[in-house]
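See structure below.
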Amino acid sequence: MISVEEAQTAILRAIRLAGDTEIVTLDQACGRYCAEELHARVDHPAFDNSEMDGYALELAAARKHGFILPVVDASSCGDAPKALRPGSAMRIYTGAPLPDGADTVVIQEDVQIQDQRVHLPETTAADQHIRRRGEDYRAGDMLYLPGRRLNAFDLALLGCAGVDRVQVYRRPRVLLAATGNELVTPGRALAPGQIYESNRLALAVQLRALGAEVVDAGIVPDDLQALRTLLARAREFDFIVTTGGASAGDHDLVKQAFSEVGTLHLWKVRVKPGKPIAFGQIDSRAHFYALPGNPVSTLVTYKLFIEPAIVMWHHGTPHQWQLEATAVNEFHRQPGRTEFLRARLHVDAGRLMAEVLRGQGSHMVGPLRHTNGFIRVEAESPGFEVGDAVNVLPLGF
């Protein structure tokens, strides 16, 4: 068996990056991965303007007239104001253009108005409350590199920069199937020995959240020919993900079926839960994953090995946050595999706390009600005590 890091490295090195792109409008770009450098098309701010409601003036003129100036004209948003008359002040509103001849703005709370004349504080200084043209970015400045996954904040910036369309990588096509004679879709009656299958739903939701186009192949029985038929569709997909049938039992036929059509790069990782995971490739396009069938093993191996691969496929840089927290309760075990414990993370007095949840069996989904992170226990570690520092992988942030 290989370590978690060795498996992650081997998988990412083997990913065949996306090549096809498409142009989408900005309102369709959230969650998509940029396939081009994106540059600003305008200066921002586009012109010198006021950051507050107040009065625009020339400081030298204010000093010359004892900080008392007549108010002439006004500048509002959308205006193209006249030049400032020498020896006067101009009423100005937040975001409105600064008139030619003005070099400062005094906010309305700091002045007094008498007989259409503004009385200014003698502490008035140059360049107060002015947003200068291009101080944020200039036309032509590069804003984003290829591989950036665009979020709502990015779209707000791009819209301000005059960008209305972006080139993005196409969505990866993922074929998803669960294997096992014992599996039944929820909503149907269970016969003796049968269980409900939920891995496909959990995986599909997470894959779509990463921008994938998911095709559900349903439940495939423990039958070699049925698995061959599934894998025959490989040329249509970038990723094929199966759950179940990846261990060493007599009915675990996924590895056998895959070996007939593809190249297996790894099988079994020193991780708990999730040891029986396989990864390989079919032809020149499809990446193949066989995940364990136990629900929690499926979720852990998806997070560790598939999520980074989807990001890499989009030319992105995979990164999974790992934070330090304080253990709320103790956990002891025999060293052996890197283990990911379901945990409840919370903040207490400014400190991140991690509570190991009861019921850590890979088949036990009840603790998922309270799980918002994993505690990582290194392979050689016997566990930890209350108050120890532990490494956590947040989920759902």
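All heavy atoms count here, side chains included; hydrogens, waters and symmetry mates do not. By convention here, the first residue in the shown sequence is residue 1. Because the structure is predicted, anything quoted here is derived from the model rather than measured.
- The backbone N or O of Asp154 sits less than 3.5 Å from a side-chain atom of Asn151, completing a donor-acceptor pair.
- Residues Met52 and Val105 share a closest heavy-atom pair of O-CG1, 4.5 Å.
- Heavy atoms only, all atoms of each residue included: Pro99 and Pro81 are closest at CA-CG, 4.2 Å.
- Asp43 places a side-chain N or O within donor-acceptor distance of the main-chain N or O of Ala139, the cut-off being under 3.5 Å.
- Looking only at distances, a side-chain donor or acceptor of Ser75 sits under 3.5 Å from a matching main-chain atom of Pro97.
- Between the side chain of Thr25 and the backbone N or O of Arg165 there is no donor-acceptor pair closer than 3.5 Å.
- Under a hydrophobic-cluster definition in which Ile, Leu, Val, Met, Phe, Trp and Tyr are linked whenever side-chain heavy atoms come within less than 4.5 Å, directly or via other members, Leu201 and Tyr302 are assigned to different clusters.
- A donor-acceptor pair under 3.5 Å links the side-chain atoms of Arg270 to the main chain of Met1, judged by distance alone.
- Side-chain contact between Arg131 and Ser50 is absent, with no heavy atoms from C-beta onward closer than 4.5 Å.
- Here the straight-line distance linking atom CG of Leu175 with atom CZ of Phe239 works out to 13.0 Å at 0.5 Å rounding.
- Classification of the Phe374-Phe340 ring pair by plane angle, with boundaries at 30° and 60°, yields perpendicular.
- Without hydrogens or angle criteria, Asp48 side chain to Arg133 main chain gives a donor-acceptor distance under 3.5 Å.
- Counting heavy atoms from C-beta on, the side chains of Ile23 and Val166 never come closer than 4.5 Å.
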Q | Worked check of side-chain contact (heavy atoms from CB on, under 4.5 Å) between Leu203 and Leu291 | A | CA-CA 11 Å; Leu203 289 172; Leu291 304 185; 4.2 Å; yes
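- For the atom pair Leu157 CG and His44 NE2, the distance stands at 8.5 Å (nearest 0.5 Å).
- Side-chain atoms of Met353 and Arg344, non-hydrogen and from C-beta on, never get closer than 4.5 Å to each other.
- In the hydrophobic clustering of ILVMFWY residues, with side-chain heavy atoms under 4.5 Å counting as a link, Ile130 and Tyr137 come out apart.
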**Q.** Pair Gln360-Arg333, side-chain contact (heavy atoms from CB on, under 4.5 Å): steps then yes or no
**A.** CA-CA 12 Å; Gln360 291 291 328; Arg333 63 159 208 167; over 6 Å; no
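- Of all non-hydrogen atoms in His363 and Asn294, the two that sit nearest each other are CB-OD1, 4.0 Å.
- Between the Ser76 side chain and the Asp79 main chain, no donor and acceptor come within less than 3.5 Å of each other.
- Using a 4.5 Å cut-off on side-chain heavy atoms (C-beta onward), Ile11 and His265 make no contact.
- To the nearest 0.5 Å, the span separating CZ on Arg170 from OH on Tyr33 amounts to 14.5 Å.
- Note that NZ of Lys268 is 13.5 Å distant from CD1 of Ile277, once rounded to the nearest 0.5 Å.
- Between the side chain of Tyr196 and the backbone N or O of Arg188 there is at least one donor-acceptor pair closer than 3.5 Å.
- With Val214 as the partner, the side-chain contact (heavy atoms from CB on, under 4.5 Å) test is satisfied by one option alone out of Arg173, Arg208, Arg200: Arg208.
- Salt bridge present: Arg32 and Glu22 bring a charged side-chain N and a carboxylate O closer than 4.0 Å.
- The number of heavy-atom neighbours closer than 6.0 Å to CD of Glu260, taken from other residues, nucleotides and ligands shown, is above 12.
- Once rounded to the nearest 0.5 Å, the distance linking CD of Gln322 with CZ of Arg376 reads 5.5 Å.
- Counting non-hydrogen atoms of neighbouring residues, nucleotides and ligands closer than 6.0 angstrom, the CZ atom of Arg285 exceeds 12 such neighbours.
- Note that CD1 of Ile375 and CZ of Phe331 are 9.0 Å apart. Values are rounded to the nearest 0.5 Å.
- Leu345 and Val347 fall within the same hydrophobic cluster, defined by Ile, Leu, Val, Met, Phe, Trp and Tyr side-chain heavy atoms under 4.5 Å apart, directly or through other members.
- For the residue pair Leu84 and Ala89, the shortest heavy atom distance occurs at CD1-C, 4.0 Å.
- Using a cutoff of 4.0 Å between basic side-chain nitrogens and carboxylate oxygens, Asp127 and Arg132 are scored as salt-bridged.
- Across all non-hydrogen atoms, the minimal contact from Glu213 to Arg171 is N-CB, 4.3 Å.
- Between Gln128 and Val106, some side-chain heavy-atom pair lies under the 4.5 Å cut-off.
- Within 6.0 Å of CD on Glu122 lie no more than 12 heavy atoms contributed by other residues, nucleotides or ligands.
- Within the 4.5 Å cutoff, the side chain of Glu355 has no heavy atoms near those of the His370 side chain.
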Q.
Set out, in order, the CA-CA distance, both residues' side-chain angles and the distance that settles side-chain contact (heavy atoms from CB on, under 4.5 Å) for Leu57 and Phe67, then state yes or no.
A. CA-CA 10 Å; Leu57 54 105; Phe67 292 97; over 6 Å; no
Q. Could you walk me through whether Ile306 and Leu207 pass the side-chain contact (heavy atoms from CB on, under 4.5 Å) check?
A. CA-CA 9 Å; Ile306 296 183; Leu207 286 163; 4.1 Å; yes
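- Of the possible polar contacts, none joining the Thr263 side chain to the Gln281 backbone as a donor-acceptor pair under 3.5 Å is found.
- In this structure, Arg91 is positioned above the aromatic face of Tyr55, its NZ or CZ under 6.0 Å from the six-membered ring centre and within 45° of the axis.
- Criterion: ILVMFWY side-chain heavy atoms under 4.5 Å apart, direct or through other members. Under it, Leu158 and Val42 are not part of a common hydrophobic cluster.
- Remark: Arg16 does not engage Asp283 in a salt bridge, criterion side-chain N to carboxylate O under 4.0 Å.
- In this structure, Gln334 places its CD atom where only 12 or fewer heavy-atom neighbours from other residues, nucleotides or ligands lie under 6.0 Å away.
- Phe305 is not listed as a side-chain neighbour of Phe279, based on a closest heavy-atom distance of 4.5 Å or more.
- Residues Leu395 and Val328 do not share a hydrophobic cluster, defined by chaining ILVMFWY side chains whose heavy atoms lie under 4.5 Å apart.
- Between Phe258 and Leu227 the shortest side-chain heavy-atom distance does not fall below 4.5 Å.
- Of the possible donor and acceptor atoms, one in the side chain of His287 sits under 3.5 Å from a partner among the backbone N and O of Asp238.
- Gln116 CD: 12 or fewer foreign heavy atoms inside a 6.0 Å radius.
- For the residue pair Ala62 and Leu120, the shortest heavy atom distance occurs at CB-CD1, 3.9 Å.
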